[in-house]
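Beneath this line is the structure, given in structure tokens, with notes to follow.
For ligands, and for the atoms within them, numbers begin at 1 and follow the listed sequence. When reading the values below, keep in mind they use all heavy atoms of this one structure, side chains included, and skip hydrogens, waters and symmetry mates.
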Amino acid sequence: MYWLAVVCGVISCAHAQLTAQSSLAPELRECYTDPALVNRNNLPPTTMPVLIDIIRKIEDNPNINVDLRQLAVLLLHTYRQDGIEYHQPEVGSGVSSTILPFAPTFHSFYRHRLLLTRIIPGNLQVLSNTTVNSELKCALHYMLSTTVDARVRGNENSCNQLSQYRALRTARDVSLVNDDVEILDLSKLKGADSNGQIRQYNPKDDVESTYTGSSKSERQVLGQSTCPILSGVVNTRWGAVSAGNLIAGIAAGAELQQVPIQELTKSSILNYNNVQSSVTSIYPATLSGDLAEAVLIQGTERGNPSISIGTAGNWNSSQATRFYMLHSRLNIEMTDPEIRGDIDGFVLGTTLTSVLGVSSTLKLSQLLDMYYTARNGVYNPTLRACNRQALGQQYINSNRLASETYTFAAALDTNMPLRGTITGGLEDLVNSAVTNFQTYTANNLNDMNCITTEATTVDYRLKTNLYIVLDATWQYNAVYPAISYLLDNIEVSKYGSSVTLLNAFDGNIIVNKTFSISDFHTNYTLAKHQALFTGVNLESTLTNIRMMMHSELENEKTTNYVGGNATVLLFLLNSGNIQNTPAVWEQARILNETVPDLRIIFATATNQFDNLWNLVRDLHNDIRTISLNTEGTNVEISMNPILERIGQVGRRIINPTCGSVYPADSSSGSRHFEDFVEPGYINFYAMSPNYFYQNNDNRKIRITRSGAGSGSLIVCYSRVVPQPRQNATLSGYEENAVICQTLASSGNIEISLQNACDGYWTVNSCPFFYISVQSSAASSSLSATCAEKSCRFPYNIRYQVQVEELGCFSNAVTMSLSFVMLLSAIFVSLFSWH
Ligand SMILES: *[C@@H]1O[C@H](CO)[C@@H](O)[C@H](O)[C@H]1NC(C)=O
Ligand SMILES: *[C@@H]1O[C@H](CO)[C@@H](O)[C@H](O)[C@H]1NC(C)=O
Ligand SMILES: *[C@@H]1O[C@H](CO)[C@@H](O)[C@H](O)[C@H]1NC(C)=O
Ligand SMILES: *[C@@H]1O[C@H](CO)[C@@H](O)[C@H](O)[C@H]1NC(C)=O
Ligand SMILES: *[C@@H]1O[C@H](CO)[C@@H](O)[C@H](O)[C@H]1NC(C)=O
Ligand SMILES: *[C@@H]1O[C@H](CO)[C@@H](O)[C@H](O)[C@H]1NC(C)=O
Ligand SMILES: *[C@@H]1O[C@H](CO)[C@@H](O)[C@H](O)[C@H]1NC(C)=O
């Protein structure tokens, strides 16, 4: 078998640019043949966090040693193939096992081919087929590859109703929509249909397609959807973005080059005068690419001197977004997501040299993470997605854009089959397109701006191990969006939270603990859900969870874990009439006493307060009713209180020597863990009295800077405010409820735990110790001071949380003593009543 391996190795090198050829790339074919992969509901949602997660997996792959630019190029060459369309086989021709009815024939393919072969060539390299599993490979392919699927799906009647999601995302001002902009207008569309204006069928198509069906009617029959699906789009808080254009802009900008026009013209003579002798690679990779498509296609098909730029659309779900539906079938060469991807890719590509000047080891995942984030941005708060509109104005010069677009349009004309021949006036069409692009971008892309972004997001990030206990009697369509919403907001990711999915039937694991949002989504599918045992048995569930948590504590003992993450157990129950028994309560009590910083929250479809109140720590806040529906429309309103509750649970600080049994006299000695805070952000910790109940004069927590980074840290603590911070206006608390100190670039802050439980009779009645570490406000220019693997952002500020002489106390152990005290207390109070 050796020769086979060798031959395959060679072939795999030669495979390069199969994504640029005019048949479906072999390694992408399974995405169109394997039913499990064809159904995109089985793949992770197309969101920026999922894209970043998959890119991180590739970066972390020990076999792949490439820098940011090389990775951007490799992603394009391996996973992007634009313009793949379905072609209905001839009626009566039967299903052939040797023909796959998909080929890259949509207009976006021709630009794509030039991009991969001439503009961003990749030295004949692609990533190996085994770099990521098939699900993630197909997910990446769908996220990076621009195409439109106009097949009738049968759910078109719901396209209109979904405008509510659009309203949620952006309040589109209809009054600003000018004549050039297609908005959903069914009567107009019907008119277009009857005129037979179906694009994409092209008799002079020069593609050597594996499928050579030629019937004109096929596409016309198929091209009926009033809201066709645009692929290659990822959801961000700042609008849907075409990820292929984004990555192409970064790849082109990382190594900007002038591409001679002769290299792009397919050996044919240019028809046009005054074209530049070359194009600058970042233009055709982003803005000029889409503008040129619009000019050529609309110029030959519509005969309208005004080129229409911008096509709105919406996701057909508010959570776990996978399908982006356009509001029009006409003039879809430069849709809203493509505009955003073009601008973002152009800006990031243009600034990349200076960005890499700050730190040459910056990863692609970090660049995306910094740009699509609520605060700080790419070393500078102006360089963020929420600032797109201003960035566009700052970086895009209309004259330059017009001349680059004109030149590239002339070149693309020799590569793309069109339905007519432009015999003159190309320059005017280009100018119209550029003008309309500027107008549309300024007036119609009403994405969330930076002020709103900061006002509507919190300045703390969660690192929570979330255990979700799922009642499988929920309908998948109702509960999946709710779970998805939670996971997006607690940031399940390598640097953030984890999720574990358990069955409320018995506490067994459905999806193992994972920090990868894409792995979670690949594993929790409809089929998996439907195969689960249904029903709720709190006794076996809590018993299993108690054992699991105890073994986690024992693991933490072995690994000397001192803290850094929070833990939350969330029950999502649909069944009514939950059975609670003394045996159930007994398990909850043991958890309460021995896994003290595990927060248990119940979210139930019907009010179960009377059945559950004795199982939680805070019966007023930890039991909630949620109302979910199978349309997935109520998720945010329903789940926000749950999310807030999860957010209030602080990161743990523990004595690892306690394990699950809390041996007396088991001091932690001196230990520490490292943590990171982003400029302008705050981290919250909560320490259970189980670690400081009985007094030790030397017991303390110390916060020390252990890395560089701008500004000072503000350390606050409180016994009553779970999220203490400086200058917060607190009503109903004493003046000294929160105590803060400032930690400059060196030195440390000590918080004494001396006599911290004075006056409390039991371990559990003594309040937690809450601590926060805040970075003083962010500056306008950040430097890269955090180069280690554990730094999510290069400007993170590192510090240590040191613990001194924490002890181990648990009601189970200290009962005898406290019980005596309790009895005497009761005795005293009884006595005093008389
Ligand atoms: C690799 O590609 C082949 C098709 O060429 C496919 O059958 C196989 O499943 C792929 N493997 C992975 C891990 O993607
Ligand atoms: C969105 O549309 C796709 C494709 O038609 C469909 O499979 C999916 O179920 C739809 N999702 C929702 C929430 O309607
Ligand atoms: C805590 O969270 C970080 C990432 O945020 C993760 O790397 C680490 O493994 C977690 N530790 C535990 C014990 O969960
Ligand atoms: C979860 O992980 C453990 C150990 O890593 C493994 O034994 C178990 O089979 C996994 N369970 C599932 C459902 O994947
Ligand atoms: C997801 O499923 C795959 C295949 O069944 C398994 O290998 C993987 O461990 C699972 N991941 C998690 C997080 O459960
Ligand atoms: C857990 O401890 C708290 C604090 O003493 C108490 O209020 C709560 O009722 C306890 N819950 C259970 C389930 O024992
Ligand atoms: C609190 O107020 C003081 C005085 O106005 C200010 O210097 C400090 O930066 C503020 N702290 C925070 C965290 O905003």
Subject >> G496 to ligand 3, any heavy atom closer than 4.0 Å >> reply: yes
Original post:
Looking only at side chains, do N537 and D506 share a donor and an acceptor under 3.5 Å apart?
Top reply: no
**OP:** Could you see which bit of Y561 sits under 4.0 Å from ligand 3, with heavy atoms only: side chain, backbone, both or neither?
**Re:** side chain
Original post:
So which bit of N592 gets within less than 4.0 Å of ligand 6, heavy atoms only: side chain, backbone, both or neither?
Top reply: side chain
**OP:** Hey, can you tell me if F602 and F571 have their rings parallel, tilted or perpendicular (30° and 60° cut-offs)?
**Re:** parallel
Subject >> Heavy-atom closest contact (R56 atom, S493 atom, distance) >> reply: NH1-CB, 3.7 Å
Original post:
What atoms in ligand 3 come closer than 4.0 Å to a heavy atom of N565?
Top reply: 1 (C), 2 (O), 3 (C), 8 (C), 10 (C), 11 (N), 12 (C), 14 (O)
Original post:
At a non-hydrogen distance cut-off of under 4.0 Å, which region of T762 contacts ligand 6 (side chain, backbone, both, or neither)?
Top reply: neither
Original post:
So, are R671 and E804 salt-bridged, with charged N and O less than 4.0 Å apart?
Top reply: no
**OP:** Between K494 and ligand 3, find which residue part has any heavy-atom pair under 4.0 Å and reply side chain, backbone, both or neither.
**Re:** backbone
Original post:
Quick one: does K513 get a heavy atom under 4.0 Å from ligand 3?
Top reply: yes
**OP:** Evaluate the ring planes of Y662 and Y691, with Trp represented by its six-membered ring, and classify them as parallel (under 30°), tilted (30 to 60°) or perpendicular (over 60°).
**Re:** tilted
Original post:
Taking the six-membered ring of Y681, is NZ or CZ of R375 closer than 6.0 Å to its centre and within 45° of its axis?
Top reply: yes
Original post:
Salt bridge check: are K494 and E59 linked by an N-O gap of less than 4.0 Å?
Top reply: no
Subject >> Salt-bridge present (D369, R792; N to O < 4.0 Å) >> reply: yes
Original post:
Are any of the N/O atoms in N465 less than 3.5 Å from those in ligand 3?
Top reply: yes
**OP:** Using a strict cut-off of 4.0 Å, indicate which atoms of ligand 6 neighbour a heavy atom of N614.
**Re:** 13 (C)
Original post:
Under 4.0 Å between a Lys/Arg side-chain N and an Asp/Glu carboxylate O for D675 and K463?
Top reply: yes
Original post:
Relative to each other, are the rings of Y795 and F793 parallel, tilted or perpendicular (30° and 60° limits)?
Top reply: parallel
Original post:
Taking NZ, NE, NH1 and NH2 as the nitrogens, is one of them in R461 or E678 under 4.0 Å from a carboxylate oxygen of the other?
Top reply: yes
Quick one: ligand 7 N/O to protein N/O pairs below 3.5 Å?
| from | atom 1 | to | atom 2 | distance (Å) |
| --- | --- | --- | --- | --- |
| ligand 7 | 2 (O) | N727 | OD1 | 3.3 |
| ligand 7 | 2 (O) | N727 | ND2 | 2.2 |
| ligand 7 | 11 (N) | Q726 | OE1 | 2.9 |
| ligand 7 | 11 (N) | N727 | ND2 | 2.9 |

Original post:
Heavy-atom contact under 4.0 Å between L591 and ligand 6?
Top reply: no
Subject >> Which of the ligand 3 atoms, numbered from 1, are nearer than 4.0 Å to a heavy atom of K463 >> reply: 2 (O), 5 (O)
Original post:
Are any of the heavy atoms in E552 under 4.0 Å away from ligand 3?
Top reply: no
Subject >> Salt-bridge present (K557, E552; N to O < 4.0 Å) >> reply: no
